[in-house]
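The structure under discussion appears below in the form of C-alpha cells.
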Amino acid sequence: MNSKVDKYERLLKLAKSRGFFWEAFEIYGGVSGFLDFGPLGVLLKRKISDMWIKWFVKNEGFLEVETPIVNPEIVFKASGHIDSFKEPAFKCLKCDRRFRADHLVEEELGLSSTEVESMDLKMLQKLALDKGLKCPECGGELSEPYYFTTMFKTFIGPYMENIGYGRPEAAQGMFLAFKRALELKRGKLPFAIAQVGKVLRNEISPRQGPIRLREFTIMELELFIDSEDPKCPKMSDVENEFLRVIPAEARMKGYEEPLELTVREYLDKGLITMEWLAYFMVKAKQFMEHLGIPHDCQRFVEKLPWERAHYSSQGFDQEIYLDRWGWVEVSGHNYRTDYDLKRHMEYSGVDMTVYKRFEKPINVRKIQVEPVEETIRRDFREHSDTVVKLIMSIKPETLADGLINSNAVKLGDYLIKPEHVKISERIVEEKGKRFIPHVIEPSFGLERVFYAVLEYAYTEREGRAILKLPIAVAPIQVAIYPLVTKDGLPEKALEVYTRLLNSGFDVYYDDSGSIGRRYVRSDEMGIPLALTVDYQTLQDNTVTLRNRDNWRQVRTNLNGIENRLRSFFADEISFENLGEPI
RNA sequence: GCGGUGGUGGUCUAGCCUGGUAAGAUACCGCCCUGCCACGGCGGGGUUCGCGGGUUCGAAUCCCGCCCACCGCACCA
C-alpha cells in the first residue's frame with residue numbers, strides 16, 4: 001500500500017493502535033529515550049525473555065539471579081565505568097551552551113583525536129587558556145572543563161556524599177555474586193550466571209524509537225572459565241553451523257561483506273579466539289532464527305580494538321537488518337578476560353580466585369623467611385612486634401629478592417637488613433593452585449530483539465496488516481469468536497473462552513463487528529489461531545479454526561481440543577492436523 | 001548538542017501563506033441487520049489544534065521560548 005511510508009512508520013502505527021508500545025510521558029509531551037509497553041507488548045517481551053532464559057540458562061544448567069539496579073559508586077569505580085564512561089565538557093558562561101571539550105579542542109585547534117584523547121582536565125584547561133578558546137556559537141568565555149558521565153547518578157539515603165549510579169549493564173551484579181554462585185556450583189567451573197533486568201544509560205541524544213532507549217532491558221550472562229582450559233564441551237553440537245562474520249582484519253582492509261564459514265573454520269583460522277564465544281554466537285543466531293529472523297538477515301561484526309569496551313579483548317556484535325536503520329546491533333559477544341573479577345578483588349580485598357587441583361601434585365621450590373628475634377630486638381626495641389608482623393605479611397619471595405639485590409628492604413618506616421631474617425629454601429609438594437576465572441559474555445538488548453521480531457513479523461496482504469509472529473512468542477494464542485451475536489452463539493463462545501483460559505492458554509474474546517472485521521483485528525494482534533463458534537457448533541460440538549498466516553480453515557471437535565492446541569503451540573503438529581480442512 | 005522539516009479527535013489528513021473561535025476519512029460506541037475475511041442502515045460521543053508566553057477586540061493560523069518526532073552531522077561503554 002503506502003510504499004512511501006517505511007515499515008517502521010507502519011509498524012509504529014500498529015503498535016500504538018493495538019497496544020504494543022508508545023512513547024512514555026505522552027501527556028507531558030514525552031521524553032526521548034523512554035517507552036511505555038502496552039498489554040500485547042508486555043506479553044511479547046515476557047515471552048521473548050522466557051524463551052531466552054530457556055535457551056541460554058535452563059537448557060545449559062546455568063544460574064539465574066536478580067541484582068539491584070542502583071549500585072554504590074565503588075562498584076563502578078572498580079568496574080572502570082567511572083573512568084571510561086565520562087566525557088570532558090566546557091560550558092559557555094555567556095550563552096550556557098555545552099560542548100564536548102575534546103571535540104572543541106580538536107576542531108578549533110586542529111589537533112588529532114588521539115592527541116586529545118589522552119588529555120586530562122588540567123591539560124585541556126591549560127590549552128584552552130593558552131590558545132584563548134572561546135564559545136564557537138557566541139564567542140563568550142568558557143567555564144573550566146568538567147566531566148559529565150553518561151550514567152544516571154543518584155544518592156543513596158539522605159546523605160549527599162553517598163553516591164549511587166543506575167547500572168549501565170547488568171554484568172557487575174553478577175560479578176559481585178560470583179563467590180556465592182561458585183559455592184552453589186561447589187567450586188566447579190565452567191558455569192554461568194545470567195540475569196534479565198533493566199539498565200540505565202543517560203544517552204546524549206537517543207533516537208530511533210525502541211532501538212535506542214535510556215532505560216532498557218538487558219538479557220546477559222557471564223560464563224566463568226579456566227583460561228588454561230578454554231574448551232567448550234558442547235562444541236561438537238554446533239561446529240558445523242554456518243555463521244556470517246566480518247572479522248576485524250577484513251574490516252580494516254575495507255571489506256564489508258561477511259564471510260560465510262562454519263564455526264569450526266572460524267576457530268581453526270583463529271578468527272574467533274574462544275570456543276565458548278563461538279558457541280554462544282551460534283546459539284544467538286539460532287535464537288534469532290527461531291524468532292523469525294532469517295540467517296541472511298543476520299551477521300556478526302567483530303569490533304575493532306578502539307571500538308571495544310574497556311573490559312573487552314575480543315568482541316562481536318550480532319546485527320539484524322532493519323528496514324529503516326540498516327544493520328542494528330541486537331547482541332554483543334565479548335571476551336572480558338579476568339578484568340572484572342580482578343578489579344573487584346583489588347577494590348574489595350575479597351578473594352575471588354578458584355582452586356584447581358592438579359592431576360598430579362607437582363614439586364615447587366619455596367622460599368621461607370623467618371624473623372630473627374635477637375637482632376630485631378636489638379635494632380628495633382619497642383617496635384619489634386610491628387616489624388615482625390610486617391615481615392610476615394609480605395611475600396617471602398619479594399623480601400628475599402630485595403635483600404639479595406640491594407642488601408636492605410624498607411618495610412613501612414623500618415629498614416630490614418639480612419641479619420634480621422633467616423632465609424631458607426625448600427621443596428614443597430603442591431596439589432593445586434588458585435586462579436582468577438576468565439569471562440565470556442553474551443548480552444542481548446531485549447527491546448531491540450522485540451522490535452526486530454515485530455518488524456520481521458509484519459506483512460501485508462490485500463491492504464491488511466498481518467503480524468506473523470512466531471507461535472512460540474505470540475502474545476495471544478487463540479481468538480474466540482461467535483459467528484454472529486445471537487441464537488446463543490456468544491454464550492457458547494464465552495464458554496469455550498473460559499475453558500481455554502483455565503487450561504492456561506492466552507486467549508481473547510471478541511464479538512463486536514462482522515466476523516471478517518474481527519479476523520482483521522486478530523491478524524493485526526498477531527494471534528495465530530481464530531476459533532469461531534457457529535450454528536454447527538450447537539449441533540455437533542465442532543468449531544472452525546482459522547490460520548492467521550494463510551487464512552485456511554479446519555473444523556475440529558471441542559472434545560480434547562486443549563491437547564491438540566498444546567501440540568500445535570509446541571510445534572509438534574501442523575495447522576492442517578488440528579482438524580478436517582474445510 | 002548543531003542544522004533542516006514537522007506536531008490539528010484514537011489514526012491519517014485538510015485548514016495556517018491571506019487571523020474571525022475546527023473539517024473530512026477512518027477507527028470507536030449503541031441499536032437494527034448478520035451464516036466465514038474490513039457488508040449495510042440509523043443514531044452517538046470524542047479535538048484546551050505539542051506545551052508556555054506574547055501581539056490582537058479576536059490566534060490552529062502571526063512572533064518568541066521550550067518539548068517531542070523524523071532526516072543529516074555528532075554521540076551510542
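Naming: A, B, ... by sequence-line order, numbering from 1 per chain.
The side chain of A:Val520 sits closest to B:A38 out of B:G35, B:C76, B:A38. Of the candidates B:C68, B:C76, B:C71, B:C76 carries the atom nearest the A:Arg212 side chain, counting heavy atoms from C-beta on. Minimum atom distance to the side chain of A:Lys486 is reached by B:U34, of the listed B:U11, B:C75, B:U34. Looking at the side chain of A:Ser512, the nearest of the listed nucleotides B:C36, B:C71, B:C29 is B:C29. Ranking B:C68, B:C12, B:C36 by closeness to the A:Thr544 side chain, first place goes to B:C36. Here the side chain of A:Glu524 is nearest to one of B:A38, B:C36, B:C12, namely B:A38. The A:Lys13 side chain lies nearest to B:C12 when the options are B:G35, B:C12, B:C71. Distance from the side chain of A:Arg521 is smallest for B:C28 among the nucleotides B:C28, B:G35, B:U34.
Nucleotides B:U21 and B:G15 are separated by 14 Å at their C1' atoms, to the nearest Å. A distance of about 46 Å separates the C1' atoms of B:C70 and B:C32, rounded to the whole Å. Taking atom P in both B:G65 and B:G10, one finds a spacing of 29 Å when rounded to whole Å. Taking atom P on both B:G19 and B:U56, the two are 16 Å apart, rounded to the nearest angstrom. Rounded to whole Å, the separation between the C1' atoms of B:C16 and B:G50 comes to 16 Å.
Applying the 3.5 Å distance criterion, the base of B:C36 shares a donor-acceptor pair with the side chain of A:Asp534. For A:Arg546 and B:C37, a side-chain-to-base donor-acceptor distance below 3.5 Å is present, hydrogens and geometry of angles not being considered. For B:C76, the base has no donor-acceptor partner in the side chain of A:Glu203 [N/O atoms by modelled type, under 3.5 angstrom]. For a distance-only test at 3.5 Å, the side chain of A:Tyr28 fails to qualify as a donor-acceptor partner of the base of B:C67.
Mapped onto RNA chain B by nearest heavy atom, A:Gly29 and A:Ala465 fall at different nucleotides, with A:Ala465 at the one closer to the 5' end. Place A:Arg308 and A:Gly516 on RNA chain B by their nearest nucleotides, and A:Gly516 ends up nearer the 5' end.
The side chain of A:Tyr8 places an N or O atom within less than 4.0 Å of a non-bridging phosphate oxygen (OP1 or OP2) of B:C70. The side chain of A:Arg517 places no N or O atom within less than 4.0 Å of a non-bridging phosphate oxygen (OP1 or OP2) of B:G40. Listed pair A:Trp551 / B:A38 fails the phosphate criterion, with no side-chain N or O lying under 4.0 Å from OP1 or OP2. Contact between the side-chain N/O atoms of A:Ser514 and the OP1/OP2 oxygens of B:C36 is not found at any separation under 4.0 Å.
For the pair A:Glu319 and A:Arg299, the salt-bridge criterion is met [side-chain N within less than 4.0 Å of a carboxylate O]. A salt bridge is defined here as a Lys NZ or Arg NE, NH1 or NH2 lying under 4.0 Å from an Asp or Glu carboxylate O, and A:Arg251 with A:Glu302 fails to meet this definition. Ion pairing of A:Asp523 with A:Arg518 is absent here, as no side-chain N (NZ or NE/NH1/NH2) approaches a carboxylate O to less than 4.0 Å.
B:G1: Watson-Crick or G-U partner is B:C73, with both key distances under 3.5 Å. B:A23: Watson-Crick or G-U partner is B:U13, with both key distances under 3.5 Å.
Side-chain polar atoms of A:Ser443 and A:Glu169 form no donor-acceptor pair below 3.5 angstrom.
Under the 30°/60° scheme for interplanar angles, the aromatic rings of A:His333 and A:Phe444 are found to stand perpendicular.
Rounding to the nearest 0.5 Å gives a distance of 4.5 Å between CE of A:Met345 and CD1 of A:Ile436.
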